[in-house]
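Okay, structure first, notes after.
These numbers come from the heavy atoms of this one structure, side chains and all, not from hydrogens, waters or symmetry mates.
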Amino acid sequence: MKVRVDPERCQGHTLCAMIAPKAFQLDDIDGHSSAVSEDVPADREEQVREAAQSCPERAIQLF
């Protein structure tokens with residue numbers, strides 16, 4: 001599985017980083033999220049799916 005965060009949609013709610021801290025990193029200035037790596041390790045897929053479902057802006061894209 002792969003993951004991306006749409007920077008135009010992300011509003012910096014930080015839920016993704018709270019749910020999957022090893023998969024998402026937050027910008028120090030505005031708190032916007034980005035994926036640590038586009039490739040999600042198998043042992044983190046469930047957390048990343050939960051983070052994507054929890055994003056109020058639907059900024060996380062899984063493929």
Side-chain angles (χ1 to χ4, degrees):
M1 177 170 69
K2 294 185 183 282
V3 63
R4 287 190 191 136
V5 178
D6 182 340
E8 298 298 318
R9 296 187 84 164
C10 180
Q11 297 295 307
H13 295 285
T14 74
L15 294 173
C16 58
M18 287 189 275
I19 294 168
K22 293 182 179 179
F24 298 97
Q25 57 193 6
L26 302 175
D27 184 280
D28 290 336
I29 296 171
D30 61 12
H32 287 109
S33 179
S34 61
V36 172
S37 171
E38 186 176 89
D39 297 310
V40 178
D43 64 333
R44 294 189 189 142
E45 287 183 359
E46 186 176 330
Q47 283 183 326
V48 171
R49 279 191 187 96
E50 183 181 344
Q53 292 172 348
S54 298
C55 178
E57 306 302 330
R58 299 294 181 235
I60 301 171
Q61 303 161 344
L62 305 177
F63 54 101

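More than 12 heavy atoms of other residues, nucleotides or ligands sit less than 6.0 Å from atom CD of Glu38. No more than 12 heavy atoms of other residues, nucleotides or ligands shown are found within 6.0 angstrom of CD on Glu46.
Counting all heavy atoms, side chain and backbone alike, Ala51 lies closest to Ile19 at N-CG2, 3.9 Å. Ile60 approaches Ala52 most closely through the heavy-atom pair CG2-CB, 3.7 Å. When all heavy atoms are compared, the tightest approach of Val5 to Cys10 is CG1-CB, 4.0 Å.
A heavy-atom distance below 4.5 Å is found between the side chains of Val3 and Phe24. The shortest distance between side-chain heavy atoms of Cys55 and Cys16 does not fall below 4.5 Å. Contact check for Gln47 versus Lys22: no side-chain heavy atoms found under the 4.5 Å cut-off.
To the nearest 0.5 Å, the span separating CD on Glu50 from CG on Leu15 amounts to 10.0 Å. With rounding to the nearest 0.5 angstrom, the OG atom of Ser34 is 8.0 Å from the CG atom of Leu26. Remark: Ser37 OG to Lys2 NZ distance equals 7.5 Å, nearest 0.5 Å. Separation of atoms CG (Leu62) and CZ (Arg4) is listed at 11.5 Å; rounding is to 0.5 Å.
When each of His13, Gln11, Arg9 is checked for a side-chain hydrogen bond (donor to acceptor under 3.5 Å, both in side chains) with Glu57, only His13 meets the rule.
In this structure a side-chain-to-backbone donor-acceptor pair under 3.5 Å is missing from Arg49 to Arg44.
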